[in-house]
Amino acid sequence: MTDFSPQYLDVLNEEQLAAVTHEGKSLLILAGAGTGKTRVVTTKIAWLIQHKHVDPYSILAVTFTKKAANEMKERAIALEPKAAWSQIRTFHSWGANFLRRYADEAGVSKNFTVYDEDDMATVLFDAIPSLPKKEAPHIVKKISLAKDYGLTPTSKNLELVGGDGVFAEQYALYQERLRLTGNVDFGDLILLPYLTLKNNEAIRRDIHFRYRVIMVDEYQDSNIAQSLLLQELSGINENSGTYVCVVGDDDQSIYRFRGAEVRNILEFKNQFAGTDLIRLVQNYRSTPEILYCADCVVSNNEGRLGKTLVAARGKGKKPTLVFLPNQDDETQFCADIIEQQHKKGVPYSDWAILYRTNAQSLGFETNFLHSKIPYAIVGTLKFYEREEIKDALAWISLVANPRDVVAFRRIVNKPARGVGPASQDKIVEAGLGQNLVESAKKMKLPKKASEGIAEFCKIFDELNSMLPDEEMNLGGEAAGSAEENEGAAPKAVDANKLSLADFIKEVCEKTGLNEFHEAQDEIAGTQKLANLEELTNSAVQYPLCRKGLLDFLDSINLDRSTLGEEEDGSLQDRVTLITLHNTKGLEYKRVIITGMEYGVFPREGKVGDDLEEERRLFYVGITRAQNELYFTSCAIRRLYGRTNYMQPSPFLYELEKGSVRVLGQQPFAFQGAYDAGSGTSSSATYSDPIAKKYRKGAMVYHDDWGHGQIVSGDFTADGEYVVTVNFETGGSKKFLPKYQSSSLLVEGT
DNA sequence: CAATTCGGGATCTGC
DNA sequence: TCCCGAATTG
């Protein structure tokens, strides 16, 4: 077995192989965009199991998004089926699982659900009724950030998150109130496991015994709390012998604003003593021309470990920088180039249009609708934030945990049952930290409210009694097997067996949600009833029991992404419209990065670390492109209803002369910054009006050939003026403008 | 409670 | 400019 080399190792390059077979000390893999990072991690898992005989059960691999976790799990299992026994999941879902197991030690209810920021605001408001309405979200953000930084209400350095004199107290009051609900917020899913491990040696020993290998993907996205958790989890300071391997790219860290800390990756070698570093720089995605641009830009950042991507691919097209008069021209330029290429057989799905802010998508949508260019906007549909879905989920959550004040308030008077705010407050105050429904039953209230509460409690009890504690066992697997799987996707439920979907169906019917929204749909033409059905369907595979209910709620609360969005948009021939942030981890054959203007990208006022983060975002955008890359920059842009004269993005200056082809009217600041074209001709004198109009450098549009630029203009021996035009499509043509004035149009005149 | 008006604010968004 | 939430009004 010594020389046995599994096939899957053959496809790796030298640096990838070194990363896969590395052992011993901790390892930081600095993996640039498109260098096969996921392949390395999944192969490493397979190699450890097959070749090093590591127990798959003792391997933990964490990612930041559910999508990434699913992909990693799938690919690891494809290489080595035993990887199904490994823990491959998101940080937060691991945390939720840990907290359910050690609920008592962590001080939460076993059947907690997870509060999002809206819910947090409700809790905060309950805790501090005097708080002005619009301040709540502000403070909630600070609390979230504090938890991301690993700070508790008694921490000394709360000013790190902008905490002022009263913040510590607000945070403390919030915490107190939150604990009374039994529930947790997202920050708790990291912070509480960290504190529990830190303060409880027995649990810590259990965990160190269990996990022998820990890998973290996208480590540049980790926050301080996650780094602290990793240190406790791995027992790095206690000689646990656990092997830790983190993978990331400091150049792609773009989530500082929500607590991600690049320094985690920069200082990994200090936190995990004796770390080895392996760089993956062989890039299999992009042409060398695109990678050159990426490097020009990112090398302007100071806080980085430093690496330069090396193209594995051969030469391609030079990226193009296009200066346009305004945003309408920008959308039109995109529409034109996509349409021209489409006529030549380039599918729409090759293209992605990237922008800094969602608001910028509007112009493209309008234009594409009109131009009949099919498109799909990525990442706007927030299924679980819809009113009707939140209502249904509130009922479900309250059944799971009757101490859930937020859920209780949300539904107790919806539809109206005469239980107004005053009655609600009374019930909540009396029932704090207890079963709110039971408390409500005992409460003395005005006649109207008391009738309403009776009705509410009746519905609740009926729903509650539908749920057995354990899965009804009709000859299937033993209940509790899900515990072994630790929340892995539940097995399909027999068709003739009741599933959780039946419960949710009842919820929608009994509570009047269906009735209410059916009426709404007719009036407003909405889809609410259908959305509720979709929610019901998504629960089909969960068993009808309390455990199934909690698993279902976790699956929703820990993946707010895309239910309701098309499963595989890539199968459809459509242009992708997407924010730069959303492109991380994705790739497209042809990419247009739009709105390259100061104030838009980078956003106004960004300096220092914030500016470096914007630059990394630009770097992420550039490195999404496989074959072709365009940048567009407008001289004028409407913002908030005002017309603004824009300066080109400072990032454009960082693209070195000769790294891009420039089209359009260069702003004054750019005169001479770039070669306008490749022509060397001495050019024509501009005394001739036609020659003046069709001069070298001008942008033109031709009915058949599309957009292009005049790269040379000369007079023939006969005195005829001839221009050579390089078209966007790559072709080059000569024209006699004298005879072409109607079909060859000079743009911007 | 529903319809209407008024005013403020406007990034990116994982789990 | 435009959208959302809060306040006002019938």
Side-chain angles (χ1 to χ4, degrees), chain A residues 62-70 89-97 99 113-121 132-134 136-138 141 144-145 147-148 184-191 193 217-223 225-226 229 252-261 327 354-363 378-382 384-385 387 413-416 418 420 487 520 523-524 553-562 578-585 595 599-606 610 613-614 616-618 620-621 637-644:
Chain A
V62 288
T63 63
F64 285 84
T65 68
K66 185 115 166 207
K67 198 174 151 210
N70 289 342
R89 58 198 318 172
T90 66
F91 244 122
H92 288 85
S93 106
W94 180 88
N97 209 59
L99 288 181
T113 55
V114 184
Y115 280 154
D116 65 17
E117 290 206 350
D118 283 348
D119 303 330
M120 289 173 74
K133 261 246 150 59
K134 52 186 176 183
H138 241 203
K141 278 221 168 61
S144 298
L145 206 57
K147 292 190 175 185
D148 288 346
V184 301
D185 56 30
F186 281 107
D188 283 342
L189 292 177
I190 307 300
L191 189 54
D217 191 20
E218 306 279 14
Y219 196 61
Q220 76 283 350
D221 287 343
S222 65
N223 58 39
Q226 284 159 336
L229 173 58
Q252 291 188 71
S253 169
I254 55 175
Y255 287 113
R256 200 174 112 89
F257 68 93
R258 61 179 191 215
E261 183 55 71
Q327 60 198 354
L354 278 48
Y355 37 80
R356 177 67 177 79
T357 65
N358 281 309
Q360 289 166 258
S361 73
L362 200 73
V378 172
T380 44
L381 238 112
K382 297 212 172 104
Y384 296 109
E385 278 168 25
E387 176 98 31
N413 198 35
K414 199 171 182 179
Q520 282 285 301
I523 299 160
L553 284 172
D554 273 355
S555 82
I556 287 169
N557 290 329
L558 301 182
D559 180 18
R560 321 304 298 263
S561 55
T562 52
I578 189 168
T579 61
L580 283 147
H581 279 90
N582 264 326
T583 61
K584 196 144 76 111
V600 174
F601 189 29
R603 288 185 63 75
E604 201 166 359
K606 296 275 185 180
D610 286 337
E613 176 135 324
E614 296 273 309
R616 289 193 290 267
L617 187 56
F618 189 33
V620 167
R637 180 175 296 270
R638 282 188 310 277
L639 283 170
Y640 307 135
R642 236 203 299 281
T643 301
N644 297 275

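The figures that follow rest on heavy atoms only: side chains count, while hydrogens, waters and symmetry mates do not. The sequence lines fix the lettering, A, B, ..., with proteins before strands; numbering per chain opens at 1.
Every residue meeting the side-chain contact (heavy atoms from CB on, under 4.5 Å) condition with A:Asn358, not counting sequence neighbours, appears here in chain and number order: A:Tyr355, A:Thr380, A:Thr579. Residues passing the side-chain hydrogen bond (donor to acceptor under 3.5 Å, both in side chains) test with A:Thr63: none are found, sequence neighbours excluded. Residues passing the ring-ring contact (aromatic ring centres under 6.0 Å, His included) test with A:Phe91 are A:Phe64, sequence neighbours excluded. Looking at residues two or more places apart in sequence or on another chain, you find a ring-ring contact (aromatic ring centres under 6.0 Å, His included) between A:Tyr219 and A:Phe268. A:Asn413 is linked by a side-chain contact (heavy atoms from CB on, under 4.5 Å) to A:Ala416, A:Arg417, A:Val419, A:Gln424, counting only residues two or more places apart in sequence or in another chain. Scored by the side-chain contact (heavy atoms from CB on, under 4.5 Å) test, A:Ser93 finds A:Arg89, A:Thr90, A:Leu558 as partners (sequence neighbours excluded). Under the rule for a side-chain contact (heavy atoms from CB on, under 4.5 Å), the partners of A:Glu385 that lie at least two apart in sequence or sit in another chain are A:Lys382.
Using a 30° and 60° split on the angle between ring planes, A:His581 and A:Tyr255 fall in the tilted class, from 30° to 60°.
The residue A:Ala260 sits apart from the nucleic acid: no heavy atom pair falls under 4.0 Å.
The gap from the P atom of C:dC3 to that of B:dC12 amounts to 15 Å, rounded to the nearest Å.
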With B for base contact, S for sugar-phosphate-only contact and - for none (protein heavy atoms under 4.0 Å), nucleotides 5-15 of chain B reads -----BBBBBB
Polar-atom pairs under 3.5 Å, protein N or O versus N or O of nucleotides 2-10 of chain C: list them with distances, or write none.
none

